Amino acid sequence: MSDEQLRTYAAEGRPHVVRLAMPVREYRFDDVVLGKEVVLPAAEAQDFVIRKTDGMPTYHFAVVVDDHEMNVTHVLRGQEHTKNTFLHVALQEALGYPRPVYGHLSVIENIEGGKMGKRDRDKKVRQRTQEVMKSTKRSADDVAAAAGLPGPRVAEWLADAKKQLDLPEQAAVMRVIGLQASELPEVLVHDFRKNGYLPESLLNFLALLGWSPGGDREQMSMDDMVELFTLDGVGKANAKFDRTKLASFNTDACAKADPARLVAAFRDYLSVNPDSPLWAATDEELAKLLAMKKGFRLLREVDAVSRFLFTPDDALAYDPSAVEKNLKKDGGAGAAVLREARDGLAAIGSWSAASCEEAVKGYCEQKGLALGKVAQPIRVAVCGSTVSPPIFDSLEFLGRERTLRRIDRALSL
RNA sequence: GCCCCCAUCGUCUAGUGGCCCAGGACAAUCGGUUCUCAGCCGAUGAACAGGGGUUCGACUCCCCUUGGGGGUACCA
């Protein structure tokens, strides 16, 4: 383009970009992760945009300037950036900047070996929808109608794995098929937080994807990792994100954490789960719940299994199948046991887990019953389900009055 | 299509020529413990992608094949 042409275009105010005139030659840099030099042949060196038509700098221009301004010495980033690094190197040379150390990390994939992302959540919703449709013999139109969505939209989504629902649509479908948000695969850090993972377990687990301190070492604190980290411990192969192993890390971390740390973590969990009735709990109560349910994997489990303690007695929901199996079956055998056990509990002098246990075990012995035969009816009466923290701890927490009120209510079902 | 990278149990990995008929962790299977769910304890099975070299000796070095991933933007 001639100078004259340039002046004319500028005078006309033509929209334009700014490119770096990249010197045509071979570029190379050392990659500390690959442990070798990466080369861009001269034939592939091309001018590239550094300022967009709208006047904004491109990412390439911005990172190079920003990293330099921030005195960044090491750039460790995903391998999708490997080619970009040549552009950044050229820019640094043009600007007279020193070159930082570069390393390109492998990618973390989902457990199926695909790209980990929000699509994974959509996929789970689709899978579950198809299962539910099959088992309840419902059509795509039925689901769409129940969710208040256009039939063709849902049908299209079900048929084409490339299509995704937007968030409100997803929520509507999940409501219809009874899928909880907590059942979706976590992707964002927020998802993990909301499901009750400790940040330290997530960090520890993540650090081990693509890096190893060597030997058999796995459990590490942040300080340990800072001390142990070396560039040559970084691997070159992609890693798959295995949530089961993460959950195991979390179980261990929670088991080892001191009570104050756990209470703080639980508070943080509750701060992103405002619908939980445990909001009303004091720190002392939270500490008790955590201790009762020790061995838990996620804080969400402690929440879920403790909610009955924070529900008004007359609002407690009873699981029909639990009631049937533990109270009504065999002509109300469970209910009969419950009635007698209730009298034993009512007669306790000083209410505590220990005294409740003594009373119930005494009754078992007297009747020649296994503890389970008595504990389960009590559990169902007091918790509404067959799953709860240890029953005597639960009774202590609930107190005599509420315990007896719930038993009476269950007996009247 | 073209360019680049990678390759040990199902998964994360240890292993840098003999210490390895390959170690740990999660998961799995089986058994034990317990008032439920968890958890915990014990045991078991499970891999060097395939083929060529190099070497006295290859999981470790080289080549090919296969498989996987990434890139090919006025997105970051």
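Residue numbers start from 1 in every chain, and the chains themselves are labelled A, B, ... in the order their sequence lines are given, proteins ahead of strands. Since the structure is predicted, the reported quantities are computational estimates derived from the model, not experimental observations.
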Open item on the list: The side chain of A:I391 is closest to which nucleotide in this list: B:A27, B:A76, B:C35?
Closed with: B:C35
Open item on the list: With a 3.5 Å cut-off and heavy atoms only, can you find an N or O donor on one side and an acceptor on the other between the side chain of A:K293 and the base of B:C37?
Closed with: yes
Task: Contact under 4.0 Å: A:R217 side-chain N or O vs B:A14 OP1/OP2 - done: no
Open item on the list: Rounded to whole Å, how long is the line connecting atom CD of A:E365 with atom C1' of B:C35?
Closed with: 15 Å
- [ ] Rounded to the nearest 0.5 Å, what's the gap from CZ on A:F29 to OG1 on A:T85? Could you check?
- [x] 4.5 Å
Task: Residue A:E80, side-chain atoms from C-beta onward, closest of B:G71, B:U36, B:C5 - done: B:G71
Please table the atom pairs, donor to acceptor, closer than 3.5 Å between any side-chain atom in residues 328-348 of chain A and protein atoms at least two apart or in another chain.
residue : atom : partner : partner atom : Å
A:E340  : OE1  : A:Y363  : OH           : 2.4
A:R342  : NE   : A:D408  : OD1          : 2.6
A:R342  : NH2  : A:D408  : OD2          : 3.0

- [ ] Please list, by residue number, the residues of residues 107-122 of chain A whose heavy atoms come closer than 4.0 Å to an atom of RNA chain B; answer none if no residue qualifies.
- [x] A:E109, A:G113
Open item on the list: So if I take every side-chain heavy atom of A:E218 and compare against B:C6, B:G24, B:A38, which nucleotide ends up nearest?
Closed with: B:G24
Open item on the list: Measuring from the side chain of A:A239 (C-beta onward, heavy atoms only), which nucleotide among B:C37, B:C12, B:C3 has the closest atom?
Closed with: B:C12
TODO: Identify which one of A:R243, A:K124, A:R300, A:R128 satisfies the salt bridge (Lys or Arg N to Asp or Glu O under 4.0 Å) criterion when paired with A:E183.
DONE: A:R128
Task: A:R25 charged N/C atom sitting above A:Y27 aromatic ring, 6.0 Å / 45° - done: yes
Task: Candidate nucleotides B:C37, B:C12, B:C26, ranked by approach to the side chain of A:T244 - the nearest - done: B:C26
Task: Nearest listed nucleotide, side chain of A:P390, among B:U36, B:G39, B:G24 - done: B:U36
Task: Separation between the P atoms of B:U44 and B:G51, rounded to whole Å - done: 31 Å
- [ ] Check every strand shown and say whether A:K36 touches a base, only sugar-phosphate, or nothing at a heavy-atom separation below 4.0 Å.
- [x] sugar-phosphate
Task: Any N/O donor-acceptor pair, A:K245 side-chain to B:A25 base, under 3.5 Å - done: yes
- [ ] Consider the side chain of A:Q79, meaning its heavy atoms from C-beta on, and name the nucleotide among B:G69, B:A38, B:G10 that approaches it most closely.
- [x] B:G69
Open item on the list: Within the 4.0 Å heavy-atom criterion, would you say A:T53 contacts the bases, only the backbone, or no part of the nucleic acid?
Closed with: base
